[in-house]
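Below is one structure; the comments refer to it alone.
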Protein chains: 2
Amino acid sequence: MVATDAEPEQSTRDRILDIAMDLFIEQGFDKTSLREIADQLGFSKAAIYYHFQSKDEILLALHMRLHEFGRRAMERFGEAPATLEAWAMLLDGVIDEIFENRRLILMHQRNAAAFRLHHADEHDEANQDMEEQFRRVFSDPAVPLRDRVRMVAAVGTIMGGLVLSGDLLKDVPSEELADLIRDAIGDLLVSRPATRRSPRRRSR
Amino acid sequence: MVATDAEPEQSTRDRILDIAMDLFIEQGFDKTSLREIADQLGFSKAAIYYHFQSKDEILLALHMRLHEFGRRAMERFGEAPATLEAWAMLLDGVIDEIFENRRLILMHQRNAAAFRLHHADEHDEANQDMEEQFRRVFSDPAVPLRDRVRMVAAVGTIMGGLVLSGDLLKDVPSEELADLIRDAIGDLLVSRPATRRSPRRRSR
DNA sequence: GTCTATATTTCGATAGAC
DNA sequence: GTCTATCGAAATATAGAC
């Protein structure tokens, strides 16, 4: 986010993707027409078709960006771990990169429906990306249910923080926010000391 | 969720809304045509227009369902509280109802972009619903940033749990899941005892 | 690589019969 | 309340010139 705007040469293809990402975040994929994208680029709608075969291919390219990000972030860990300690370590390691790619992830989350339809076509080798690995651990019966809930809670905490930083806390520096989130995740994943709080009430 | 299927008489209007909700969850609002909705109902597209003036009105009616749910859930608390303790109590009180309205909330979250466009037209009295109250607390500078992050984390924990229960853990009873989530939220919002963990590493 | 048409399709919405 | 038939708008995509 320290974007020096002296990017040496940004390809037209990348400019299209950047603008599309912004519009997809704000309006959603379906409500964003190619005309809008073209207008912001300063040229006509038909020109986009020189760089992409279809509107869907733009979405796919953005998905590849996330996939690539996930691949980089996960390559240090062979598999998504099944213990709370290792999970804490994993998230702690990737949270900075997650914040750096905030808008990409936000876009992906806000257009989950649109992406879902495309996943049907390409679940061939997509099972080595981050999301799929997470899914596998979350649904693994060998992992205690309590632990899985904690892992999901930690991910939900990060996602909540991302949304917060995007919509309401645009002025708060990412590092400060990331540290607070790290702290919260610690409370979720690191077992409490012997001291027990009052036993939880059973609902109903 | 103990739905005895002896619903006395479900109005056609409600049947439309139920089917629309399902389709909006799976495909998204924009990718769901009125024809699809009509097909599942067993009659033609034009018939829908007897019950709703437009497709948008269907979305609006679903939004009203959520709004009504939020109103019921929040009426015990005047305002969304700004302290962690009160926040914990609030969430603890509404989490069961949240799980009972799981699909409605999921639908709302997955089509946030579509709903956003309609909020522009009707933010007249919409500031007394749950979402708006939450937003206000999250962006209130008077509340310590750490606390706001914790509150968001707690909400993110619930949302994560909802997605989990919908996609991966359809067999796990809601009550069990809700209790585990309650527990996790407790760890997020209730201050730890004097024991301190190792000081957090400062990233970068 | 980008342009100006234009083709094609999909879908929301309406008209009017039953 | 539901039907068939059709309109009109919008948006994706293509053709072909420059």
Side-chain angles (χ1 to χ4, degrees), chain A residues 7-64 107 110-111 113-118 120-122, chain B residues 7-64 107 110-111 113-118 120-122:
Chain A
E7 288 117 297
E9 278 300 308
Q10 195 187 23
S11 69
T12 304
R13 186 186 160 92
D14 281 339
R15 286 179 57 222
I16 294 175
L17 289 178
D18 286 344
I19 289 176
M21 185 173 70
D22 288 345
L23 289 172
F24 291 171
I25 288 176
E26 280 146 36
Q27 307 179 333
F29 173 74
D30 300 281
K31 285 285 197 312
T32 300
S33 67
L34 292 178
R35 203 184 89 83
E36 284 177 285
I37 298 176
D39 280 355
Q40 290 211 15
L41 277 163
F43 51 62
S44 97
K45 182 182 63 171
I48 294 182
Y49 280 92
Y50 177 82
H51 300 276
F52 295 93
Q53 285 192 347
S54 69
K55 187 187 179 185
D56 280 358
E57 206 191 270
I58 296 180
L59 195 68
L60 191 70
L62 286 171
H63 179 67
M64 284 302 117
M107 191 275 296
R110 291 202 180 165
N111 294 283
F115 282 108
R116 169 186 304 256
L117 297 177
H118 289 280
D121 308 340
E122 41 130 348
Chain B
E7 288 119 296
E9 278 299 310
Q10 195 189 23
S11 69
T12 304
R13 187 186 160 91
D14 281 339
R15 287 179 57 221
I16 294 174
L17 289 179
D18 287 344
I19 289 176
M21 185 173 70
D22 288 345
L23 289 171
F24 292 171
I25 288 176
E26 280 147 36
Q27 306 179 332
F29 173 74
D30 300 280
K31 284 286 198 309
T32 300
S33 67
L34 292 177
R35 203 184 89 83
E36 285 177 285
I37 298 175
D39 281 354
Q40 291 211 13
L41 277 163
F43 52 61
S44 95
K45 180 180 67 171
I48 294 181
Y49 281 91
Y50 177 82
H51 301 275
F52 294 93
Q53 287 191 348
S54 68
K55 187 185 180 187
D56 280 359
E57 208 192 88
I58 296 179
L59 195 68
L60 192 69
L62 286 172
H63 179 66
M64 283 304 118
M107 190 274 297
R110 291 204 181 164
N111 293 282
F115 281 107
R116 171 187 302 254
L117 298 176
H118 291 278
D121 308 339
E122 41 129 350

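Chain naming here is simple, since letters A, B, ... match the order of the sequence lines and numbering starts at 1 in each.
For B/F43, the side-chain contact (heavy atoms from CB on, under 4.5 Å) partners at least two apart in sequence or on another chain are B/T12, B/L41, B/A47, B/I48. Under the salt bridge (charged side-chain N to carboxylate O under 4.0 Å, His left out) criterion, A/R35 pairs with A/D39, sequence neighbours left out. Scored by the side-chain hydrogen bond (donor to acceptor under 3.5 Å, both in side chains) test, A/E26 finds no partners at all (sequence neighbours excluded).
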Can I get a per-line list of side-chain donor-acceptor pairs under 3.5 Å for residues 52-62 of chain B, giving both atom names and the distance, sequence neighbours left out?
residue, atom, partner, partner atom, Å
B/S54, OG, B/D56, N, 3.4
B/S54, OG, B/E57, N, 3.1
B/K55, NZ, B/F29, O, 2.9
B/K55, NZ, B/T32, O, 2.7

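Shown for residues 11-26 of chain B: no residue has heavy atoms falling under 4.0 angstrom of DNA chain C.
In terms of heavy atoms, B/A38 sits closest to B/S44 at CB-C, 3.5 Å. In this structure, B/R110 and B/I25 approach most closely via the heavy-atom pair NH1-O, 3.3 Å.
A donor-acceptor contact shorter than 3.5 Å links the side chain of B/N111 to the backbone of B/M107.
Regarding A/F52, its CZ atom lies at a distance of 16 Å from the C1' atom of C/dT2, rounded to whole Å. Taking atom CG of residue A/D39 and atom P of nucleotide C/dC3, one finds them 10 Å apart after rounding to whole Å.
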Summary of protein contacts for nucleotides 4-18 of chain C, nucleotide by nucleotide, where a base hit scores B, a sugar-phosphate-only hit scores S (4.0 Å, heavy atoms): B-------BBBB---
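Within the 4.0 angstrom heavy-atom criterion, only backbone atoms of the sugar-phosphate kind lie near A/F43; the bases stay farther away.
Judged by distance alone, the side chains of B/D22 and B/Q40 never bring a donor and an acceptor atom under 3.5 Å apart.
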